[in-house]
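Just so it is clear, the structure is predicted and the values come from calculations on it, not from any experiment. Below, chains carry the letters A, B, ... as their sequence lines are ordered, and counting in each starts from 1.
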Amino acid sequence: MKHLTWDEVWAYVDGECDDAALLLEHLQSCDTCKDMLAQAERTNEALKMAFAYAVPKTSETQFTDLLAKIKDSMPQNNSSRFRRSRKWVWMSGAAASAAVLALAVLNWPAWHHFANGHSSTGVASSIAMVNKSSAGSTSSTSADQSSGMQSSSSDSGSSAATLATAASPASSTGSTLNAMQIQPSKQGMTQSAQNGAGPASVDQTPPQQTVPPDHNQQALAPNQKVPADSTTTTSSSSMPMAAGMITPMLQGDVTVELADGAGHVIPDAHVSLVVNGQVQATQSTGNDGRAVFDNVSVLQDPLLQGTFGPKMPAQGVLTVVAWKDGYQPQVYYGVDIFANGTTTDELQLTMQPVTGDASTGNQVGVSGASSSNSYAAQVWDGFAAGAEPLIENAVATGQIKDIPKGDTTLDFTVQDESGRPVSGADVAVIAGGHITDYGETSALGTVSLRASGVADWRTMDEVQTASIVVLKAGFNPAVGFNQPLLAGTNRVVLVHMRPVGTRTGVRDDSTSTVTRLTGERMILPADAQQIYALAVAATQR
Amino acid sequence: MQCPDTGCGEAICSYGCLRQHEVLVKNLVYHITRNRNEVDDLVQEVLVKAYQSLSSFRGGSFRAYLAQIARNQCYDWLRRKNAKRAITYVELVSDMWASSDAGPEDQYIQKEQASELMQMLDELGDPDREILLLRHIHQFDYEEIGAVLGMNPGAVRTRVSRARQKMQEFMERRERRETSHMG
């Protein structure tokens, strides 16, 4: 093959190469053309950086004003023609179940201030955990299965519980932007957003954002103080965190209500709220089946912290432990509390009654949420959309160069569906709202990173985990949460990216397209056993 | 298309996400006028005008339609104000670091880097800069750029190629300069 022309090199950089495989084959053996490609890629990057410099940012207030002005100026205001609600089916319907456990999060002060301009006013939320008694059998929930969390399949006499959260909209600003106003579902396991997305656009090639974003909602840099109007912080965590990491906490009041399937409340059951491996509070349910917790601090998810775009508000992470003689103890991971309080979660928790077999009676039931179905897809997409400006900003400002190297080596190979290398892909490891290492794939689609993570909030051990995101224009982003980073080890990560013809940036596609990376650290029954033991021990003290 | 950043579902998003369009328009306005104070007003004018005259949109690429309006609006504004863009990109960013928290050495390095990048943009002429902005930042295809600039796609392709060459020459000069400093 002759040397490449500049047009061919640029076509490759632009992702418009007719025969990338042939070109790459040539590049393997031709230093001249390899240099040309490297030069074109450097030029491309320099251009991106140059254009991104100095462009003034738009505040959310400005954007909201702009939206209002445009709406006012529309020739015919027929927005309802385009309006549609978006529905997510969260879970399969509750199986025959035994007891009803209702947990309500009330008057949740949304302290966290977001760049989307929503004021942080009090929010009323409620969570209902339902556990209906049944003589029949139940099956594990879809959430349990897909999250990899082990949930005991039932046999005769088993029971299931449903945990549902219902947060009323924090519509204090009246803005229609960024506020997913979610209505509590009346029946079934659905969530709906009033402000659904519009129909398909005629514009098939939307722009890639390069203006330096407003990072008010982004991660706090190490040593950066939390703004007074932001979240409260705590240093009471019992688990190790990345150096310099500030872990925002959301605070609120929690009410847990337990009832059986017939609606009979369950008194004298223990309910503990565990945050970051530390028991925040334990209460017994009263005669009304309720346990009331005031001023509970909920850890903002350390893996998602500071990385969501404006689409997703900050998310608190709460583990609920519930136990009572005659019931299998339950550990429920990942009660998600959104700071804006505008979401409704409906989750299921399977509880096994003790059948007399001590070995099963002591086995802790494990369940969790937020890692399955369309909700999870939305989380992944929100993460990818938030990671993009985080990376852009870090690259543009040179912060990337200052990242201290971590203990874990991650050797990435990024390929397209046909196994061809994807060059120029952004690969970032993110934990605690910080990029812990970043690199761009070579012409061979490889990059090696040395990253660090944060302690897995779900467990009592000190295994570090982090999130990984791989971005490349023209491909769906790839995202992996809870990726274990074991100190002193090498891990090979093979990423297959699916191309999307019309997608040129991360933020311009729907929520269902993010590719989920494998290798997520799963929660084991032993982990739940430890959390349960922690809760019991705290009660006995 | 959905409006992935906001999920707002507004009618105006039926042509794509307004936030994304705003970024495009803002980039264009800023890089054409180089007037930080007027950017927001002009962006607003462009978007309001675009949505007011939606009936004249004949299909095709909505963002190209928007970019065309933005471009016309900017040049109109420059004419109206009889404004001369005497200010260079280098001057434009010279005060960017005044309030930076970075240490003096970091500030110096960042400023140098920014100045070099801005100098690069200064060296490109207006059309080339606009073309590269649309192509590299917003991934416009040649046809879309042609629609914005009133050129045929073939001519755009040639122009893009030439502008890139100019950029590469600039970068080569810069690298040679750095090498000679080091040597």
Does atom NZ of A/Lys34 have more than 12 heavy-atom neighbours from other groups under 6.0 Å away?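 Correct, the count exceeds 12.
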Describe, in one word, how the ring planes of B/Phe140 and B/His138 are oriented to each other, choosing from parallel (under 30°), tilted (30 to 60°) and perpendicular (over 60°).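 Plane angle over 60°, so perpendicular.
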Please classify the contact of [X] with chain A as side chain, backbone, both or neither, using a heavy-atom distance under 4.5 Å.
X        : result
B/Glu22  : side chain
B/Arg157 : neither
B/Glu172 : side chain

N/O donor-acceptor pair under 3.5 Å between B/Arg129 side chain and B/Leu121 backbone: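 Looks like yes, one N/O pair under 3.5 Å.
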Checking B/Tyr75 side chain against B/Ala70 main chain: does a donor-acceptor pair fall under 3.5 Å?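 No, B/Tyr75 side chain to B/Ala70 backbone: no donor-acceptor pair under 3.5 Å.
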Give the member of B/Met167, B/Lys49, B/Arg135, B/Gln165 that has the highest number of heavy-atom pairs under 4.5 Å with chain A.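 Ranked by contacts with chain A, first place is B/Arg135.
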